[in-house]
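Each residue takes its place number in the sequence, starting with 1. First listed ligand is number 1; within each ligand, the first listed atom is number 1.
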Amino acid sequence: MFEKILIASRGEIALRIHRACHEMGIETVAVHSTADSEAMHVRLADEAVCIGPPNPAESYLNMPAILSAAEITGAEAIHPGYGFLSENARFADIVAEHGITFIGPSAAHIRLMGDKIAAKAEMRRLGIPVVPGSDGPVTNDADARRIADDIGYPVLVKASAGGGGRGMKVATSAANLSAALSTARAEAAASFGNDELYIEKYLAKPRHIELQVLGDSHGDAVHLGERECSLQRRHQKVLEEARSPVLGAAERKQIGDIVVRAMAEFGYLGAGTIEFLYEDGAFFFIEMNTRLQVEHPVTEAITGLDIVREQIRIADGQPLGYAQKDVTFNGHAIECRINAEDPKTFAPSPGRVTDYHPPGGLGVRVDSGLYAGYRVPPHYDSLIAKLIVHGTSRDECLMRLRRSLEEFVIGGIETTIPLHQRLIADPEFIAGDFHVHWLEQAMTNWG
Ligand code: ADP
């Protein structure tokens, strides 16, 4: 087993990885920008190396600086967390070339799944149902029009290199298809440096349901059940739960079997997430994330498995050591993503945290690097805490969430806690009656 791991990330996820390492007796190296010198992930790590200025391009995305930090400290492996370099195939390659283990899948798999057109083709080949759409890139308006006519409007124009909901535009008819294509193309070029586009059927009321998978280097794969991630704003997840309130046992088994068979054939290594849209009883693949997800704790709560520990064990060459039938599910779990943002306008709200009191008690987990006196820097993602509750049922989770949100004190900055309080009081949410476009519509009704 590794003796020292470098964590190439920041914030709550860097802390999360540090915790798994220390439970396994592994020392940690934090890397940080000058804006994060006082961050909790830096304070708790065994060693810390400053890798550059606040701008992520010069620090958390700075490959030479991160590799030097690994070499200087003698780290044998690098955990990339999520975001930053976690889905950068070139980084995975370079890490391996330096004789360091990248804690994640092969660079080839990262590269393939990072190209959403290629990913869909591969999933189709592996027997996974995909969203109807163009089989390859759309290069001109005439082709796009023909494909859109074929699948029927509305259609969604998406970026092949897409992520974070950027480069996505809906066209409701042939009249606004050209405009959707040119806006999406410009956004994709600016965000990803790659303007390749493809077209999908735009589903009216789908749910976002994803499966967590693990594969080892001995050819075995399991799934850890599904997560329901339909509560979204601007295509970004706000609240997630496991399991989905709408799936029945037969459907679960069917999609689980398909995914596990596909991952074993694919030879996938480590933790990954297969994302689907689910509508009228059918699953449609949209993308695979080849990394740890923000929402992984809800799966940990109901399976009792530490997913980061599993990632590290797998990267070390160990077999999973359990089969699908050994993975059991206990109760229900819900996660609220708490952002440093105005809960109404969503304007970022960085600054000094004056008071901090996280909730506790039975079935409550808070993953956060906050403390009183900490200054939330303005340079990074606004996620500052994740509140995860676990209970025997969804109702019990809602009860627990209500009192935990009430208890949570984060003073000095605005947070999205009030948004979650409003959301979990909504009768449609309580009934489990929602889809991916629901939250934005509901928010306009709340006023
Ligand atoms: P990204 O990688 O940018 O996050 P995804 O393909 O994962 O993009 O999609 C993000 C979200 O966008 C989905 O969870 C869903 O809400 C919405 N979405 C994506 N594809 C479709 C579609 N074909 N129809 C309707 N909504 C979609």
Asks: Is any side-chain heavy atom of I413 closer than 4.5 Å to a side-chain heavy atom of I384?
Replies: yes
Asks: Within the protein, flag every N or O under 3.5 Å from an N or O of ligand 1, and note the pair and distance.
Replies:
residue: ligand 1; atom: 2 (O); partner: K116; partner atom: NZ; Å: 2.8
residue: ligand 1; atom: 2 (O); partner: E287; partner atom: OE1; Å: 3.3
residue: ligand 1; atom: 2 (O); partner: E287; partner atom: OE2; Å: 2.9
residue: ligand 1; atom: 3 (O); partner: G163; partner atom: N; Å: 3.4
residue: ligand 1; atom: 3 (O); partner: G164; partner atom: N; Å: 3.2
residue: ligand 1; atom: 3 (O); partner: G165; partner atom: N; Å: 2.6
residue: ligand 1; atom: 6 (O); partner: K116; partner atom: NZ; Å: 3.1
residue: ligand 1; atom: 6 (O); partner: K158; partner atom: NZ; Å: 3.0
residue: ligand 1; atom: 7 (O); partner: E275; partner atom: OE1; Å: 3.1
residue: ligand 1; atom: 7 (O); partner: E287; partner atom: OE2; Å: 2.7
residue: ligand 1; atom: 8 (O); partner: K116; partner atom: NZ; Å: 3.2
residue: ligand 1; atom: 12 (O); partner: H235; partner atom: ND1; Å: 3.1
residue: ligand 1; atom: 14 (O); partner: H208; partner atom: ND1; Å: 2.8
residue: ligand 1; atom: 14 (O); partner: Q232; partner atom: OE1; Å: 3.4
residue: ligand 1; atom: 14 (O); partner: Q232; partner atom: NE2; Å: 2.8
residue: ligand 1; atom: 16 (O); partner: Q232; partner atom: OE1; Å: 2.7
residue: ligand 1; atom: 20 (N); partner: K158; partner atom: NZ; Å: 3.0
residue: ligand 1; atom: 23 (N); partner: E200; partner atom: OE1; Å: 3.0
residue: ligand 1; atom: 23 (N); partner: K201; partner atom: O; Å: 2.8
residue: ligand 1; atom: 24 (N); partner: L203; partner atom: N; Å: 3.0

Asks: Check whether more than 12 heavy atoms from other residues, nucleotides or ligands sit under 6.0 Å from atom CD of Q254, and answer yes or no.
Replies: no
Asks: How about H437 and L203: do any of their side-chain heavy atoms sit closer than 4.5 Å?
Replies: no
Asks: Any side-chain heavy atom of L398 within less than 4.5 Å of one from F429?
Replies: yes
Asks: Atom CZ of residue position R234 - does it have more than 12 heavy atoms of other residues, nucleotides or ligands inside 6.0 Å?
Replies: no
Asks: Quick one: which of E228, E226, E279, E241 gives a salt bridge (Lys or Arg N to Asp or Glu O under 4.0 Å) with R207?
Replies: E228
